[in-house]
Amino acid sequence: MPKYNIDDILSELGVGDAKGRSHQIDKEQSGYSPIPSVPSNQRAFGDASKDPDHTLVKKDQGAAPGSAGVGPAMADLYRPQEDSEKSKELGAILLSRGVVTEDRLNTAQNVVTQSPGKRLVDALLEQGADEANVLAALAEVNNVPFERIDLGRGLDGGFDGKLLQRLTPEFCKKNGVVPLRTEGQRVVVATTQPDNITLMDAVREKLGAPIKIVLTTAFDIRGAMELIGEKPEAATDVSEILADVDDGDVQVQESKEKDAESTEKEAKESPVIRYVNHIIQLALQQGASDIHIEPSEKKLKVRFRIDGELNEALNPPASMGAAITSRLKIMANLAIDQRRLPQDGRIRATVSGRKIDLRVSTLPCVGGEKTVMRILNDKSISVELDQLGFDEDTLTIWKKAVDAPHGVVLVTGPTGSGKTTTLYASLRTLDKNAMNISTVEDPVEYTLEGITQSQMHEKIGMTFGAALRALLRQDPDVILLGEIRDHETAHIAVQAALTGHLVLSTLHTNDAPSSITRLVNIGLEPFLVGAAINAVLAQRLIRRLCKECKEQEKPLEELAEFLSMQGLPNDLVWASRGCDKCRKTGFSGRVGIYELLSVDDQLRDIIARNPNVAEFRRLCVERGMVTLRNDGLRKVARGLTTVQEVLRVTEASH
């Protein structure tokens, strides 16, 4: 234990030294008070008006995390420690529930032994253990309830916004606490540190009420803080933005040089800058994934893709088209004077306190240049595997396939069907400390901590095949390929799988069985495909019914007959109505539907005989494969979506 100066400790408690001298905190007579009979943070000392936050630490003193309200010396005297008996009990519970393996637990315990102050929970989470399951066991050990924050309800029942403001968002973010609700005289507070007495004293004092502690995940607390950060700023008055912009402000000049110079000048003027900022801000507030800016001779249309559907959002004057495009080119470091060739770039920005990336693409068209921006938001990709919409059986089989020591695991589906999200969520379940995980992507859209990510550059010869060859010399355990496009990439991926590596990749096919015949058609031998493939997951995204306005109604005769043929109840069905929270669409958010083909020894023999697609699909269904349409209808029965949504994205054979 380090040495401490007793004068410093007494000073932080607000007490003079034995000779009666006053310390820095005791400049006035009112600063003196008797030695406290309770811990320092359970009541204030001296004049409360001079210390409204009831804390003896100035903001610039840098208190240790989890020691809110105490000075540096006291913070070092008290640090929450994990009791060895509780640690053993936690390990036993996790083993009995199958949350971790014995090897992973032993590794984590070794890390804790070699790292003073480190908790077993932290070591397990760093290895990729499921956070919710680990913390549920920790809650049982500490005899406190475990509870997930309802992020879908947000401030309308998920957590208490008024109490959060009393604690202050800064305090909650720094210390990982969120007030959920009031139960009688007590405030229910969610935290990830149930044993941090000092922190709980600080929370109790700030709220001015007794508290009840519940344990929750850091993922939920971060989500709650992001929701607080998403509170819309003062609404921008579009008419005010356009007040200084006339229809003739941007003229098409005959001289190319003069035209580029004039357009750049317009792009740097305040109204255009403000309008572009307004477009991006509005898209984020509405939860858009893409922004389309489409010019024509008489009209300029701005559309947002929300929940997979394009919706017209704004109609600025057509004369602003060139200036808006030029402003976006400036932000993305593209050539303003190049209007006859497509260009691609990237914008990094901070909007409402959130850091986002915009992938910008321009395309020459009849009316000018069409600009499409993909919003790359870490929040949209940081979802857990069990939140994607898998049913329990499918999730168990998929986790087993991803956790296999070798083989090829494929995710198929059209562009925008959530393949990248599924693969990233799968990678997060792996032990990044014990494995070498590498990816080759085109492009690298999101950064994953603890994983080596490489960007493909086809023009300079950095193809998927070349990158995969290089990765195999880097001693990898798991390789993620952005896409299998050609024979070379497919052949190397299969060879890597057969030599002891786990390869995850995507393929563009309509369903899971078609992926097998697609690989054969690319040029691979059927027996190699059968030997290498572990599992194929086909997926689609369908819109989720709005929880606030969905209602049950009696179906039409045709729909009732269809439901009866599918073996589903046909007396009442869920229908979309529309409200202010879902922009009158009746849908809010999306959920995945899945078709998982798990390849066993019998299927490997069938694949080696190179069956046709129809025959192979029939065999897979007979062996228990749940098709995309059937999985969608299961979600209809659970009230998550409508029959029309499922039929919209699936074919009868699926």
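The figures that follow rest on heavy atoms only: side chains count, while hydrogens, waters and symmetry mates do not. The model shown is predicted, which means the values in this text are computed figures rather than measured ones.
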Peer 1: Taking the side chain as every heavy atom from C-beta outward, state whether L647 and R629 have any atom pair closer than 4.5 Å.
Peer 2: yes
Peer 1: For atom CD of Q387, decide whether the heavy atoms of other residues, nucleotides or ligands shown that lie under 6.0 angstrom number more than 12.
Peer 2: yes
Peer 1: Quick check: does any side chain N or O of S438 sit under 3.5 Å from a backbone N or O of I479, one acting as donor and the other as acceptor?
Peer 2: no
Peer 1: Going by heavy atoms in the side chains, are N315 and K301 under 4.5 Å from each other?
Peer 2: yes
Peer 1: Can a donor-acceptor pair be found, under 3.5 Å and without considering hydrogens, that links the side chain of R428 to the backbone of V383?
Peer 2: yes
Peer 1: Does the side chain to side chain contact (heavy atoms under 4.5 Å, CB included) test come out yes or no for D160 and R181, once each step is laid out?
Peer 2: CA-CA 6 Å; D160 194 311; R181 59 188 175 275; 5.6 Å; no
Peer 1: From L504 CG over to L423 CG, what is the distance, rounded to the nearest 0.5 angstrom?
Peer 2: 6.0 Å
Peer 1: Using a 3.5 Å distance criterion without hydrogens, assess whether the side chain of K419 forms a donor-acceptor pair with backbone atoms of P414.
Peer 2: yes
Peer 1: Is there side-chain contact between I593 and V649, with at least one heavy-atom pair below 4.5 Å?
Peer 2: yes
Peer 1: Looking at G413, is its backbone amide N or carbonyl O close enough to the side chain of Q539 to form a donor-acceptor pair, meaning the two atoms are under 3.5 Å apart?
Peer 2: no
Peer 1: May I ask you to decide if the ring planes of Y424 and Y446 are parallel, tilted or perpendicular, using 30° and 60° as cut-offs?
Peer 2: perpendicular
Peer 1: Examine distances only and state if a side-chain atom of E441 and a backbone atom of Q453 form a donor-acceptor pair shorter than 3.5 Å.
Peer 2: no
Peer 1: Using only atom types and a distance under 3.5 Å, with no angle test, would you say the side chain of S361 pairs donor to acceptor with the backbone of V372?
Peer 2: no
Peer 1: Is the shortest side-chain N to carboxylate O distance from E553 to R577 below 4.0 Å?
Peer 2: yes
Peer 1: Please round to the nearest 0.5 Å and tell me the distance separating atom OG1 of T642 and atom CG of L545.
Peer 2: 6.0 Å
Peer 1: Looking only at atom types and distance, does a side-chain atom of K550 sit under 3.5 Å from a main-chain N or O of G639, one as donor and one as acceptor?
Peer 2: yes
Peer 1: Looking at residues at least two apart in the chain, or sitting in another chain, which of them share a side-chain contact (heavy atoms from CB on, under 4.5 Å) with E548?
Peer 2: C546, C579, K581
Peer 1: Do L395 and E392 come within less than 4.5 Å of each other through their side chains, counting heavy atoms only?
Peer 2: no
Peer 1: Give, for atom OG1 of T650 and atom CD of E645, the distance between the pair rounded to the nearest 0.5 Å.
Peer 2: 10.5 Å
Peer 1: Could you tell me whether K173 and E170 make a salt bridge, using a distance below 4.0 angstrom between a side-chain N and a carboxylate O?
Peer 2: no
Peer 1: Okay, side chain of Q552, backbone of K554: is any donor-acceptor separation there less than 3.5 Å?
Peer 2: no
Peer 1: Got a donor-acceptor contact below 3.5 angstrom from the T641 side chain to the R543 backbone?
Peer 2: yes
Peer 1: Run the numbers on T489 and T463 for side chain to side chain contact (heavy atoms under 4.5 Å, CB included), then give the verdict.
Peer 2: CA-CA 9 Å; T489 308; T463 62; 6.0 Å; no
Peer 1: Using a 4.5 Å cut-off on heavy atoms from C-beta on, say whether the side chain of L376 contacts that of R346.
Peer 2: yes
Peer 1: Taking the basic N atoms (NZ, or NE/NH1/NH2) and the acidic carboxylate oxygens, is any pair closer than 4.0 Å for E309 and R583?
Peer 2: no
Peer 1: Heavy atoms only: give me the nearest I291-I279 pair and the separation to one decimal.
Peer 2: CG2-CG2, 3.9 Å
Peer 1: Strictly below 4.0 Å, N to O, side chains only: are E369 and K329 in salt-bridge contact?
Peer 2: yes
Peer 1: Any side-chain heavy atom of S289 sitting closer than 4.5 Å to one from I375?
Peer 2: no
Peer 1: Less than 4.5 Å apart, side chain to side chain, heavy atoms only: is that true for L164 and P169?
Peer 2: yes
Peer 1: Work out which heavy atom in M625 is nearest to a heavy atom in L596; give both atom names and the distance.
Peer 2: CG-O, 3.5 Å
Peer 1: Looking only at heavy atoms, what is the nearest atom pair of D511 and T412, with distance?
Peer 2: O-OG1, 3.9 Å
Peer 1: For V178 and T216: C-alpha separation, side-chain torsions, deciding distance, then whether side chain to side chain contact (heavy atoms under 4.5 Å, CB included) applies.
Peer 2: CA-CA 9 Å; V178 173; T216 192; over 6 Å; no
Peer 1: Closest heavy-atom contact between R518 and L507?
Peer 2: CG-CD2, 4.1 Å
Peer 1: Output the distance between atom SG (C172) and atom CD (Q165), rounded to the nearest 0.5 Å.
Peer 2: 9.0 Å
Peer 1: Carefully, step by step, assess V276 and M331 under the rule side chain to side chain contact (heavy atoms under 4.5 Å, CB included).
Peer 2: CA-CA 10 Å; V276 169; M331 295 171 70; 4.0 Å; yes
Peer 1: Can you see which heavy atom on T192 is nearest to which on T217, and at what distance?
Peer 2: CG2-C, 3.9 Å
Peer 1: So, are R485 and D442 salt-bridged, with charged N and O less than 4.0 Å apart?
Peer 2: yes
Peer 1: To the nearest 0.5 Å, what is the distance between CG (L300) and CG (L314)?
Peer 2: 9.5 Å
Peer 1: Out of curiosity, T394 OG1 to R634 CZ, how far, rounded to the nearest 0.5 Å?
Peer 2: 6.5 Å
Peer 1: So do F171 and V177 actually touch side chain to side chain, heavy atoms under 4.5 Å?
Peer 2: yes
Peer 1: Please find the pair of heavy atoms, one from G589 and one from D307, that lie closest to each other, and give the distance.
Peer 2: N-OD2, 3.0 Å
Peer 1: Under a 3.5 Å distance rule, please check whether T429 uses its side chain to pair with a backbone N or O of S426 as donor and acceptor.
Peer 2: yes
Peer 1: Looking at D220 and R148, does any basic side-chain N land under 4.0 Å from a carboxylate oxygen?
Peer 2: yes
